[in-house]
Student: 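There's a structure below that I have some questions on.
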Amino acid sequence: MHTRLSALILAALLTLNLHAAGPDYAKLVNASFDGILWDLDDNYAFTETQMSGDTRTVARFDPSAPEGEQWTLLSYDNRPPSLEETEAFVDEKSWRRGPDTGGTDGIIKLIDTTTLTLLEASGDYWLLSFKPTVNIDDSDDLAFLQDMIGELRINRESGHIDYVDIRNSRAIRPVIGTKIQSMVMRFEFTELGDNGPRVLSHVSAGAKGSALLVVRFNELERFDFSDFAYVGD
């Protein structure tokens with residue numbers, strides 16, 4: 001009996017030691033965001049491909065161009081844009097320069113690092129799950145985040161974040177009469193060249209559901225950023 005108890009105690013201690021020797025996932029996640037260049041629109045030109053509903057636009061942003069000429073609409077639904085479409089696009093973009101990330105903490109503040117759980121570990125990455133932060137700015141409007149679940153992947157060699165994915169775990173009812181069956185947000189990152197800065201390369205958000213039992217919606221908006229070129233001093 002004594003020998004059996006000693007073996008159980010030893011196994012428990014070994015288990016504790018294994019957990020203690022594991023990585024601190026909160027530190028890993030915070031560090032993975034530290035290396036991202038958020039203000040790339042100050043020194044980098046890039047191509048933005050936007051899908052909003054059934055409309056696809058491709059545009060080029062160049063911060064070195066004169067004010068008011070930094071955005072150029074290249075195509076609209078796979079054809080050359082009309083003058084009216086170009087003017088509407090430039091007016092829409094006049095308030096924004098580059099990818100809108102909500103600041104350097106715009107994405108990481110969605111992640112409750114106290115809920116991080118390891119889903120998978122390979123020689124190339126860590127795959128972690130998390131619960132989104134609910135009390136962002138103490139807003140009741142974001143209470144629906146408690147019904148969402150998140151997943152993120154960190155490159156094991158570089159320590160960089162690869163993507164963050166947040167989606168609902170069950171149907172969401174944000175207001176009376178509205179039911180969201182599917183809701184998803186995704187952010188992807190890429191490295192510019194060899195040992196270049198890490199930047200946001202993809203943002204998408206979508207929702208599918210019904211309102212007032214008769215109106216059905218299925219909306220998806222996505223932005224892809226590519227063809228980065230340094231144009232700074």
Side-chain angles (χ1 to χ4, degrees), residues 15 18-41 44 46-51 98-136 142 144-172 180-208 219-228:
T15 301
L18 286 173
H19 284 295
D24 185 327
Y25 297 121
K27 287 184 178 180
L28 280 176
V29 170
N30 286 313
S32 72
F33 278 88
D34 287 342
I36 296 174
L37 177 63
W38 297 103
D39 298 324
L40 71 142
D41 55 312
Y44 283 87
F46 57 86
T47 297
E48 176 192 273
T49 302
Q50 177 182 358
M51 283 294 301
D100 184 9
T101 61
T104 57
D105 63 347
I107 298 173
I108 196 171
K109 72 180 181 181
L110 291 171
I111 302 170
D112 184 350
T113 56
T114 66
T115 65
L116 289 166
T117 302
L118 180 66
L119 294 177
E120 182 182 347
S122 75
D124 298 323
Y125 60 81
W126 288 288
L127 186 64
L128 304 169
S129 68
F130 64 90
K131 291 289 292 181
T133 304
V134 175
N135 61 340
I136 302 175
L142 296 173
F144 69 87
L145 285 174
Q146 64 186 344
D147 293 321
M148 307 284 281
I149 54 175
E151 181 180 290
L152 60 87
R153 192 175 73 184
I154 297 175
N155 184 286
R156 197 159 188 155
E157 180 179 358
S158 66
H160 291 151
I161 187 81
D162 289 330
Y163 68 81
V164 177
D165 190 272
I166 302 175
R167 60 185 65 241
N168 60 311
S169 57
R170 59 182 179 180
I172 300 171
I180 300 177
Q181 297 171 327
S182 174
M183 184 174 184
V184 62
M185 294 180 284
R186 186 175 177 89
F187 310 91
E188 297 176 6
F189 303 86
T190 191
E191 189 172 85
L192 301 186
D194 295 332
N195 300 317
R198 195 81 169 167
V199 298
L200 185 68
S201 61
H202 169 89
V203 181
S204 61
K208 179 180 179 181
E219 302 292 334
L220 175 66
E221 187 166 24
R222 62 176 290 163
F223 296 85
D224 290 286
F225 308 103
S226 60
D227 302 323
F228 296 90

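Note that the numbering runs from 1 along the sequence shown for the chain.
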Student: Is there a donor-acceptor pair under 3.5 Å between the side chain of Thr133 and the backbone N or O of Lys109?
Tutor: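 Yes.
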Student: Could you grab the distance from atom NZ of Lys208 to atom CE of Met183, nearest 0.5 Å is fine?
Tutor: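 Here the interatomic distance stands at 15.5 Å.
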Student: Which atom names give the shortest non-hydrogen contact between Gly150 and Pro132, and what distance separates them?
Tutor: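 Minimum heavy-atom separation between Gly150 and Pro132: N-CD, 4.4 Å.
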Student: Can you list everything that forms a salt bridge (Lys or Arg N to Asp or Glu O under 4.0 Å) with Asp224? Sequence neighbours excluded, please.
Tutor: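 Testing Asp224 for salt bridge (Lys or Arg N to Asp or Glu O under 4.0 Å), a comparison that skips the adjacent residues, returns Arg222.
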Student: What is the distance from atom CZ of Phe33 to atom CD1 of Ile108, rounded to the nearest 0.5 Å?
Tutor: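 That separation rounds to 5.0 Å.
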Student: Sequence neighbours left out, what passes ring pair (Phe, Tyr, Trp, His ring centres under 6.0 Å) with Tyr44? Give chain and number order.
Tutor: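 Tyr44: ring pair (Phe, Tyr, Trp, His ring centres under 6.0 Å) contacts with Tyr230.
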Student: From Ile149 CD1 over to Thr115 OG1, what is the distance, rounded to the nearest 0.5 angstrom?
Tutor: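 These two atoms lie 11.0 Å from each other.
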Student: Closest heavy-atom contact between Leu127 and Arg153?
Tutor: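 Result for this residue pair: CD1-CB, 4.0 Å.
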Student: Enter the distance from Ile154:CD1 to Asp162:CG here, rounded to the nearest 0.5 Å.
Tutor: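 So the CD1 of Ile154 and the CG of Asp162 are separated by 8.5 Å.
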Student: Return the set of residues passing salt bridge (Lys or Arg N to Asp or Glu O under 4.0 Å) with Arg186 (not counting sequence neighbours), or none when no residue passes.
Tutor: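 Here the qualifying residues are Asp165, Glu188.
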Student: Look up atom CE in Met185 and atom CG in Asn168, then write down how far apart they are to the nearest 0.5 Å.
Tutor: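 Atom-to-atom, Met185:CE and Asn168:CG are 10.0 Å apart.
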Student: Rounded to the nearest 0.5 Å, what separation is found between the CD1 atom of Ile111 and the CZ atom of Phe130?
Tutor: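 Ile111 CD1 to Phe130 CZ: 4.5 Å, rounded to 0.5 Å.
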Student: Checking Tyr125 against Asn155 for the side-chain contact (heavy atoms from CB on, under 4.5 Å) test, could you report, in this order, the C-alpha distance in whole Å, the side-chain angles of both residues, the deciding distance, and whether it holds?
Tutor: CA-CA 4 Å; Tyr125 60 81; Asn155 184 286; 5.7 Å; no
Student: side-chain contact (heavy atoms from CB on, under 4.5 Å) for Trp38 and Ile107? Distances and angles first, verdict last.
Tutor: CA-CA 11 Å; Trp38 297 103; Ile107 298 173; 4.0 Å; yes
Student: Looking at every heavy atom in both Leu37 and Val199, which two are closest together, and how far apart are they?
Tutor: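 It is O-CG1, 4.0 Å.
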Student: Ignoring hydrogens, what is the shortest heavy-atom contact between Leu200 and Phe225? Give both atom names and the distance.
Tutor: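 Here Leu200 and Phe225 meet closest at O-CD1, 3.7 Å.
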Student: Under the criterion side-chain contact (heavy atoms from CB on, under 4.5 Å), I'd like the reasoning laid out for Leu116 against Trp126: C-alpha separation, chi angles, the key distance, then a yes or no.
Tutor: CA-CA 11 Å; Leu116 289 166; Trp126 288 288; over 6 Å; no
Student: Using every non-hydrogen atom in the two residues, find where His160 and Glu191 come nearest and quote the distance to one decimal.
Tutor: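 Distance-wise, the nearest heavy atoms are CE1-OE2, 3.2 Å.
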